[in-house]
Amino acid sequence: MRGFLTAKGIIGGGIVVIVLLTALFAPLLIPDTWATQMDMRARLSGPTLAHPLGTDQLGRDLMYRMLLGAQTSIMIAGTAVLMSLVIGLPLGVISGYFGGWIDNVLMRLVDTLLAFPALLLALTISAVLGPNLTNTIIAIGIAFTPYLARIIRGEALRVAQMPYVEAARAVGTPDTLMIIRHVLPNIMPPVIVQVTISLAFAILAEAGLSFLGLGTQPPDASWGLMIQASRDFLDVAPLTALVPGAAVAITVLGLNMFGDVLRDVLDPRTQ
Amino acid sequence: MHYIANRLLSVAFTLLLISLITFLVTNILPGDVAMVIMGTQSNPEALAGLRESLGLNDPLIAQYGRWITGILTGDWGRSLVFKEAIGPLIADKVVASALIVVMSMCIALAAAIPLGIWAAVHRDKWQDNAASTTALFGVSLPDFFWGIMLILLFARYLGWLPSSGFVHPADDFVAAVRHAFLPSLALGLGLMAHLTRMTRSTMSSILSQEFIRVARAKGLTERTVIWRYALANAIGPVMTVAGLQVGYLFGSIIVIESLFNFTGMGWLTYQALLNRDIPLIQSTVFVIAAVVMLTNLVVDLLYAAVDPRIKLP
């Protein structure tokens, strides 16, 4: 636990907790109408008492939209990473643990997928399936799977050669039990670190997809969508871009800091 | 030579797989090329006729065979949106993207290597913290956000550089670089952050090794130790990571080129995706994946050339 009590750990962990709480509770505490109400007399306004962070082109309050957007962004990123973990974990473990031709075939496929830049793959899948919230999750989830599978495979390969696995094999432990009891628990630390960092990348990916109009669609509010909407009003109201941009940046920064500290604590080999 | 031949064979095989995946992904589209050409409100009979004439009723494997033969023989088909032959269209756009990819890589390396060395030399002091925090911010901000900020600062407020458009280097080199500068900087900042972290960690592990202590004990100046001894050993891993980041760059150019209205491969891919121009999507996605893979091959070979300890078997 002591490893978390560095400046980086406290700031990173604090940001992650605050963002998660916002994503969970903002929609319960803030009525929808506050974020959709159009104040036509105060369009594109700077900070005022009524609108502390200003308003967008339709006179909607930027602070409320940013707070409510947290849920969409976090939900998409979280589900997408969960999806890539659900596919990537068995692929990586099977490939690394069994080796041989299974490993060859699976990793050749993974390497091929890695030749596609993740954002390009996600954009293509999203465009092909038709952009909406569910398909954004699927697109990011598929695009991230090869990265996780590759890392998990490396870890499984390392663990499979450990003396304790050899010992367990010598006493006749069946493969399934071996994977559950010995391999999975021992590959978890680096996998958890990777998942945290993937979450940061998934938030960036969602923002990028929505920014290009191939991710979240209105009326859902997400940070990327807010930045996209701000493009035409940058001169008059820079806050329309700065508010959601800062939300993305702070969240990703928090996740990266937390990921770095997690790595130091859980995985001391790679410092 | 044996190694290179093997690598090339494996590259050819992977290219084949890439083409197969590209083709399959674009064929799960709910509509097809005929629908895109004629629109959803079109006469079903005319649609069926067009499908037949385009060969869309053939089995998927036959369609793939036709497409890949076309790719290999230089007949890449026609874009539905631009109404042009795809081959020359892509050749034209590759120049623009190459310009910003190379420029952003130069910007990133020029900043990341000194910054990373500075952090590693002053490990765990304020200089290290400052460099690492800068890098962390660079990694955390979305590149399109950098782009927007750069447009606001350099194009709108200061008016120093143009914020959109592409000029071909052959027409006017200075104008080409001026137009490419802001998009390259937006791409380079994120990349710089990754490379700084990599340089710092590689350099700090090398600086704690025996031969560095020996070099210092011999009385060599700190400058010689760092730049000639340590950096010579750190440059390989940094180059490998820089090569791997080319894939990341080719993902980012889609966003950045669209933001800056810079008509390169990323912009072209975005137009293709937005308009569901299936033949163009297939070709652009295939070309980008192929370029990323070939870059990694080149980096591997360069690594062996730079580092005499690595002999190609």
Side-chain angles (χ1 to χ4, degrees), chain A residues 7-8 12 108-109 111-131 142-143 197 200-201 203-209 211-214 223-224 227-228 230-231 234-235 238 240-242 244-246 248-257 260 270-271, chain B residues 10 13-18 20-22 25-30 129 132-133 136-137 139-146 148-149 151-152 156-157 190 201 205 244 246-255 258-259 266 269-270 272-276 278 281 284-285 288-293 296:
Chain A
K8 212 179 188 182
R108 181 46 61 89
L109 189 69
D111 282 346
T112 310
L113 283 173
L114 283 175
F116 296 90
L119 192 62
L120 173 67
L121 198 58
L123 280 167
T124 311
I125 295 169
S126 187
V128 160
L129 295 177
I142 294 179
I197 294 167
F201 275 106
I203 286 175
L204 289 176
E206 189 276 329
L209 252 67
F211 180 72
L212 291 178
L214 289 170
W223 294 334
I227 301 179
Q228 186 210 21
S230 77
R231 270 176 71 176
L234 279 175
D235 282 334
T240 49
L242 285 173
V248 173
I250 291 172
T251 308
V252 175
L253 192 68
L255 281 166
N256 277 333
M257 288 169 99
D260 277 2
T270 54
Q271 277 202 16
Chain B
S10 138
F13 182 68
T14 313
L15 278 176
L16 195 72
L17 274 179
I18 287 175
L20 201 61
I21 292 175
T22 312
V25 169
T26 43
N27 267 286
I28 50 174
L29 269 170
N129 280 329
S132 302
T133 311
L136 204 56
F137 267 96
V139 180
S140 301
L141 278 160
D143 33 28
F144 57 87
F145 190 71
W146 281 123
I148 290 177
M149 294 298 115
I151 291 180
L152 275 180
R156 301 276 159 84
Y157 291 140
S201 69
S205 74
L244 288 175
V246 169
Y248 159 87
L249 273 184
F250 270 93
S252 303
I253 57 168
I254 302 174
V255 184
S258 309
L259 176 65
T269 312
Y270 180 54
L273 287 171
L274 214 54
N275 296 300
R276 302 191 144 211
I278 300 165
I281 295 179
T284 50
V285 171
I288 290 180
V291 167
V292 170
M293 211 192 47
N296 287 334

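The chains referred to below are lettered A, B, ... by the order of the sequence lines, with proteins before strands, and numbering in each begins at 1.
- For the options A:Thr124, A:Ile203, A:Val248, heavy-atom pairs under 4.5 Å to chain B are most numerous at A:Thr124.
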Practice item. Report the C-alpha distance between B:Met293 and A:Thr112 in whole Å, list the side-chain angles of each, state the deciding distance to 0.1 Å, and finish with yes or no for side-chain contact (heavy atoms from CB on, under 4.5 Å). Key: CA-CA 9 Å; B:Met293 211 192 47; A:Thr112 310; over 6 Å; no
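- Listed by chain and number, the residues in a side-chain hydrogen bond (donor to acceptor under 3.5 Å, both in side chains) with B:Thr22 amount to none (sequence neighbours excluded).
- Comparing B:Val291, B:Leu141, B:Ile21 by how many heavy-atom pairs each has under 4.5 Å with chain A, the most go to B:Ile21.
- Contact record, A:Ala127 with B:Arg276: O-NH2, 3.1 Å, taken as the closest heavy-atom pair.
- Summarising the geometry, atom OG1 belonging to B:Thr269 is positioned 9.0 Å from atom CG belonging to A:Leu123; distances are rounded to the nearest 0.5 Å.
- Under the side-chain hydrogen bond (donor to acceptor under 3.5 Å, both in side chains) criterion, B:Ser132 pairs with B:Asp128, sequence neighbours left out.
- The parts of B:Leu273 that come within reach of chain A are both its backbone and its side chain, each placing non-hydrogen atoms under 4.5 angstrom from that chain.
- Side chains of A:Leu120 and B:Phe250 form no contact here, defined as non-hydrogen atoms less than 4.5 Å apart.
- Options A:Ile227, A:Thr251, A:Leu113 differ in how many heavy-atom pairs under 4.5 Å they form with chain B, and the most are formed by A:Ile227.
- Here CG of B:Leu17 is found 10.0 Å from CG of A:Asp111. Values are rounded to the nearest 0.5 Å.
- No other option in B:Val255, B:Val292, B:Ile18 has as many heavy-atom pairs under 4.5 Å with chain A as B:Ile18.
- Highest contact tally toward chain B, considering only A:Leu114, A:Leu119, A:Leu121, is held by A:Leu119 [criterion: heavy-atom pairs under 4.5 Å].
- Looking at B:Thr14, both its backbone and its side chain come within 4.5 Å of chain A, counting heavy atoms on both sides.
- B:Ile148 is listed as a side-chain neighbour of A:Phe211, based on a closest heavy-atom distance under 4.5 Å.
- No part of A:Ala122 comes within reach of chain B, as not one of its non-hydrogen atoms sits under 4.5 angstrom from that chain.
- A distance of 8.0 Å separates CZ of B:Phe137 from CD1 of A:Ile250, quoted to the nearest 0.5 Å.
- Looking at B:Phe13, the atoms closer than 4.5 Å to chain A (heavy atoms on both sides) all sit in the side chain, from C-beta outward.
- The two residues B:Ser140 and A:Asn256 make their nearest non-hydrogen contact at OG-ND2, 3.2 Å.
- Contact of A:Leu209 with chain B is not made at all, since no heavy-atom distance falls under 4.5 Å.
- Neither the backbone nor the side chain of A:Ala200 comes within less than 4.5 Å of any heavy atom of chain B.
- Residues B:Tyr270 and A:Leu214 approach most closely at CE1-CD1, 4.2 Å, considering heavy atoms.
- Top candidate by heavy-atom pairs under 4.5 Å with chain B, chosen from A:Ile125, A:Asp260, A:Leu255, is A:Asp260.
- Of the two parts of B:Phe145, only the side chain, counted from C-beta on, holds a non-hydrogen atom closer than 4.5 Å to a non-hydrogen atom of chain A.
- Here CG of B:Leu259 is found 11.0 Å from CD of A:Gln228. Values are rounded to the nearest 0.5 Å.
- In this structure, CG in A:Leu204 is found 8.0 Å from CG in B:Asp143, a value given to the nearest 0.5 Å.
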